[in-house]
S.K.: 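Please see the structure below; I have some questions.
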Amino acid sequence: MKPVTRRRVLIGLGSGAGLLVVGVPLALNAGRPAIVEYIEENGTGPQDAPRNPDLWFEVTPAGVTFFVPKVEMGQGIHTALAQIAAEELEVTPEQLTVRQADTARGYAGGTMFTFGSTSVKALYRPLREAAATLRELLREEAARQLGVPAARLTAAGGAFFVAGSRQRIPYAQVVADKQGEWVIPEAAPTLKARRDFKRIGRAMPRTDFRDKVLGTATYGYDARLPGMLFGAVARPPRFGARLVSASAGAAGRQPGVVRVVIDLKAGFAGVVARTRTQARAALPSLDLRWEGGTTASSADLDAQIQAGSGSVLRRRGNVRAALSGGTVVQGEYRTPLAAHAHLEPLAALADVQAGGQIEVWASTQYPQKIVDDLRGVFGKDREVLVHPTQLGGGFGRKAGQHAALEAARLSAAVGKPVHVGWTREEDLQHAFYRPPTHHVLRGSVGTDGRLRGVEQFTAGGDIIWGQTGIPEFVRDALGFDPGGLLGQFMPYDFPAYRVVNRREALPVPTGYWRGLGVLPNTFALESFMDELAHAAGADPLAFRLRHLGSGEDGRRLRGVLERAAKAAGWGTPLSAGRARGVACCLDLGTASALVAEVSVQEGRVQVHRVTVAADPGLVINPDGARLQVQGSVMMALSSALHEELTIQDGRVVESNFDRYRLLPMRDAPPVEVLLVESGDEPQGMGEPVMGPAAAAVANAVFTLTGERLRTLPLRPRQG
């Protein structure tokens, strides 16, 4: 079966809306577990990246330029992909100039969407094939120019060397002396064997390091053009409110204001001024009237998110019979609404030329979405060029790029480039968020200490559905959000298992957040696994190992659990007042296990040490992989211990980092990272380790205090 991408699956589901509505709910009920399994296996598979080397590379007398289709938001993706390219091209890292591709240079479409820890996994093979194809094209041409057989040429350091002589010809010279067109073969050449790798698998300096250290890297907030102006946009007082009347009021007379722009049909009101401060200062003088919207509170959302019924996503064996005997355990878990809290708020610069090209510079994970959105507003035939800049963090939020559309509307009105940069308050209070979840689990352990079965009820708001135009009736018919599948299922081997999911459309916007479902789901499942272990009177690590299967997944999870446990000193004495907790997960093809060492004082959890073992198949850059794991752990600990967004009267209460608390630097524990390689293909790296962190901490708190914490953020009783 041909692998498909998650995006293609979603497109397929959308185009099948009519079929679903006329039909097939009954068949869907029976076949839903198979659909879920198919998405699980193929949803983040290889994307249709082109192999044409001219879309990736440019060879000039100055050297080889590599146009990277993925955006750099601190994860080191430009460096990892440059290593892969350099490997097959046979150039040194210093000889490769790395440039961000845009929607005109490089290739557009879904492949330019940077999401879900899929970049290396999806591009590893097509990029190698493109680089190898270029290398062999150059070899054939070099052989022709030198008058020797191609087989006598060896590529190294951006040049070909003739065997048995001192002849050498650089790539640049081969290109400069080329006559006629290059003919790209349909089939890619044989790729290098892993044993011959010189770049892949080794640490390499970051390609973006110098610009960031010198302060010359351009982020969306930094984008500038001559003669540009600045814009600010009015926001609704609560989610879902509509702008029903608007006029300039006194805003047009405020200092520096160039134009007040109102489009009632689009629900848009904004100000263009000579400075950003002037634009923001004039906003309160607009005469606006909003109506409607939700008045929901956080308690209302929790009441709406109730697990206990819904669509069956997985079934195995007879759960009713399994739960009728043995020691039965039940646990109920909740995770709250959470913000992305990236350091750089949304920002974009747009230049809309009357009847001509629209050009945008934006900190975006999804440049093609900006192209599509702008064509939806200004015309489908409009030429749109998007330059992705560096991103000051994204975590899914910058897959939606409202600032680019706002800047374009304002630019079209004044006929000049306009920059819109959101404030921190706007970013926290007018975004989309990680949806809340609720999990109810029942399981039974036999007298032999083995797990007899588990029944799992889950409920959550939309993730992928929340940011797509999939009709509501299709979402209802399918019965689950594909984003919620990540980390959804227990990776253990036991006789009876049933998973029932309920999706809810909430009155608050929800969507992608780092790891999608992996953190909330793994928090619930791995906390419950710990409860089962204690009910069985077993060591939590031994209990997990006992229930791993003999297949590939079980073998890899066993490997990381044993590595992490040994490095953390599992089973050895600790200082008084400390305990360890363990958790693991299998996500995006990567197995990870985490041991947390914690203490609790005056109702506050302190994490003193974290040990992680991660098996992503093949490691491209060990330094980069370790940094990715450490970053994931810090973000997961922040979510586990602090992060919670409050909704009151239909709006977000927290307005800045003084109210929306993150893990402070002083509480950041040392994180030891052990990398395990078990394959020849790289898997996801930036998100899977988000999964086990919260559960490992909660499990350690239980071992220490006897109190089982089942709600994030983790707040033990005081005293």
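A quick note: this is a predicted structure, and the numbers were derived from the prediction, not measured. For this chain, numbers begin at 1 and follow the sequence in order. All heavy atoms count here, side chains included; hydrogens, waters and symmetry mates do not.
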S.K.: Is a side-chain donor-acceptor pair under 3.5 Å present for Glu472 with Trp465?
M.R.: no

S.K.: Can you check whether Val120 reaches Ile77 side chain to side chain, under 4.5 Å on heavy atoms?
M.R.: yes

S.K.: Will you find, in the side chains of Thr646 and Arg659, an N or O donor that is under 3.5 Å from an N or O acceptor?
M.R.: no

S.K.: Looking at every heavy atom in both Val98 and Ala82, which two are closest together, and how far apart are they?
M.R.: CG2-CB, 3.8 Å

S.K.: Between atom NE2 of His439 and atom CD of Glu332, what is the distance when rounded to the nearest 0.5 Å?
M.R.: 10.5 Å

S.K.: Flag the pair Pro482 / Ile464 as yes when at least one side-chain heavy-atom distance between them is below 4.5 Å, and no otherwise.
M.R.: yes

S.K.: Just so I know, are the side chains of Pro336 and Leu645 near enough to count as touching, which here means a heavy-atom distance under 4.5 Å?
M.R.: no

S.K.: Could you pull out all donor-acceptor pairs under 3.5 Å where a side-chain atom in residues 663-671 meets a protein atom, sequence neighbours excluded?
M.R.:
residue, atom, partner, partner atom, Å
Asp667, OD1, Arg604, NH2, 2.9
Asp667, OD2, Arg604, NH2, 2.8

S.K.: I'd like to check the side chain to side chain donor-acceptor pair (under 3.5 Å) partners of Ser527; sequence neighbours left out, ordered by chain and number.
M.R.: none

S.K.: Could you check if a side-chain atom of Ser639 sits within less than 4.5 angstrom of a side-chain atom of Phe523, using non-hydrogen atoms only?
M.R.: no

S.K.: Could you walk me through whether Leu588 and Leu486 pass side chain to side chain contact (heavy atoms under 4.5 Å, CB included), step by step?
M.R.: CA-CA 8 Å; Leu588 300 172; Leu486 298 179; 4.2 Å; yes

S.K.: For Asp211, check side chain to side chain donor-acceptor pair (under 3.5 Å) against everything at least two apart and list the hits.
M.R.: Thr216

S.K.: Yes or no on side chain to side chain contact (heavy atoms under 4.5 Å, CB included) for Gln390 and Met73, after CA distance, side-chain angles and deciding distance?
M.R.: CA-CA 6 Å; Gln390 294 268 352; Met73 46 188 160; over 6 Å; no

S.K.: Indicate the atoms forming the closest heavy-atom contact of Ala296 with Pro507, along with that distance.
M.R.: CB-CG, 3.9 Å

S.K.: Which residues satisfy the side-chain contact (heavy atoms from CB on, under 4.5 Å) test with Asp222, sequence neighbours excluded?
M.R.: Thr218, Tyr219

S.K.: If you take the centroid of each ring, where Trp contributes its six-membered ring, are Tyr512 and His340 closer together than 6.0 Å?
M.R.: no

S.K.: Tell me every residue that passes ring pair (Phe, Tyr, Trp, His ring centres under 6.0 Å) with Phe239, counting only those two or more places apart in sequence or in another chain.
M.R.: none

S.K.: I'd like to check the ring pair (Phe, Tyr, Trp, His ring centres under 6.0 Å) partners of His387; sequence neighbours left out, ordered by chain and number.
M.R.: Trp361

S.K.: For the residue pair Arg235 and Trp422, would you count it as a cation-pi contact if the rule is NZ or CZ under 6.0 angstrom from the ring centre and within 45 degrees of the ring axis?
M.R.: yes

S.K.: Looking at Arg434 and Leu519, what are the two nearest heavy atoms and their distance?
M.R.: NH1-CD2, 3.9 Å

S.K.: Taking atom CG of Leu594 and atom SG of Cys585, what is their separation to the nearest 0.5 Å?
M.R.: 9.5 Å

S.K.: Who passes side chain to side chain donor-acceptor pair (under 3.5 Å) against Arg609, sequence neighbours left out?
M.R.: none

S.K.: Would you call Arg502 and Glu504 a salt bridge, taking side-chain N to carboxylate O under 4.0 Å as the test?
M.R.: yes

S.K.: In chain order, what residues pass the side chain to side chain donor-acceptor pair (under 3.5 Å) check against Asn656, with sequence neighbours excluded?
M.R.: Glu425

S.K.: Hey, are His419 and Arg276 close enough side-chain-wise for a donor-acceptor pair under 3.5 Å?
M.R.: yes

S.K.: Show me the pairs that pass salt bridge (charged side-chain N to carboxylate O under 4.0 Å, His left out) and involve residues 335-351, at least two apart or across chains.
M.R.: Glu344-Lys398

S.K.: Could you report the tightest heavy-atom contact between Ala695 and Glu526, atom names first, then the distance?
M.R.: CB-CB, 3.6 Å

S.K.: Could you grab the distance from atom CG of Leu81 to atom CD of Glu72, nearest 0.5 Å is fine?
M.R.: 9.5 Å

S.K.: Please test Leu506 against Gln304 for side chain to side chain contact (heavy atoms under 4.5 Å, CB included), starting from the C-alpha separation and ending with a verdict.
M.R.: CA-CA 8 Å; Leu506 297 172; Gln304 191 175 349; 3.5 Å; yes

S.K.: Mind checking the CD1-CG spacing from Ile305 to Asp300? Nearest 0.5 Å is all I need.
M.R.: 12.0 Å

S.K.: Taking side chain as C-beta onward, heavy atoms only, is Thr114 less than 4.5 Å from Ser119?
M.R.: yes

S.K.: How far apart are the closest heavy atoms of Leu374 and Ala408, and which atoms are they?
M.R.: CD2-CB, 3.5 Å

S.K.: I'd like to check the side-chain contact (heavy atoms from CB on, under 4.5 Å) partners of Gln401; sequence neighbours left out, ordered by chain and number.
M.R.: Leu346, Ala348, Ala362, Ser363, Thr364, Ile370, Ala403, Ala404

S.K.: Can we say Arg424 and Glu654 salt-bridge, meaning some charged N sits less than 4.0 Å from an Asp/Glu carboxylate O?
M.R.: no

S.K.: Do Val360 and Leu385 come close enough that some side-chain heavy atom pair is under 4.5 Å?
M.R.: no

S.K.: Is the backbone of Thr423 close enough, under 3.5 Å, to the side chain of Glu426 for a donor and an acceptor to pair up by distance?
M.R.: yes

S.K.: To the nearest 0.5 Å, how far apart are CG in Asp102 and OG1 in Thr389?
M.R.: 12.0 Å

S.K.: Which atom names give the shortest non-hydrogen contact between Ala583 and Pro692, and what distance separates them?
M.R.: CB-O, 3.4 Å

S.K.: Is the backbone N or O of Asp462 less than 3.5 Å from a side-chain atom of Thr510, with the two atoms forming a donor-acceptor pair by type?
M.R.: yes

S.K.: Could you tell me the separation between the CZ atom of Arg475 and the CZ atom of Arg503, rounded to the nearest 0.5 Å?
M.R.: 6.0 Å

S.K.: Should Leu313 and Phe489 count as side-chain neighbours, where that means a heavy-atom distance under 4.5 Å?
M.R.: yes

S.K.: Assess the residue pair Val689 and Gln630 against the criterion (side chain to side chain contact (heavy atoms under 4.5 Å, CB included)); give the C-alpha distance rounded to whole Å, side-chain angles, the decisive distance to 0.1 Å, and a yes or no.
M.R.: CA-CA 9 Å; Val689 180; Gln630 289 170 342; over 6 Å; no

S.K.: Are the side chains of Ser632 and Met690 in contact, using a 4.5 Å heavy-atom criterion?
M.R.: yes

S.K.: Does Tyr333 reach the main-chain N or O of Leu712 with its side chain, forming a donor-acceptor pair under 3.5 Å?
M.R.: no

S.K.: Not counting sequence neighbours, which residues clear side-chain contact (heavy atoms from CB on, under 4.5 Å) with Ala341? List them please.
M.R.: Phe657, Tyr660, Leu662

S.K.: Check salt bridge (charged side-chain N to carboxylate O under 4.0 Å, His left out) between Arg409 and all other residues, then give those that pass, not counting sequence neighbours.
M.R.: Asp263

S.K.: Strictly distance-based, threshold 3.5 Å: is any side-chain N or O of Thr335 a donor or acceptor partner for the main-chain N or O of Pro520?
M.R.: no

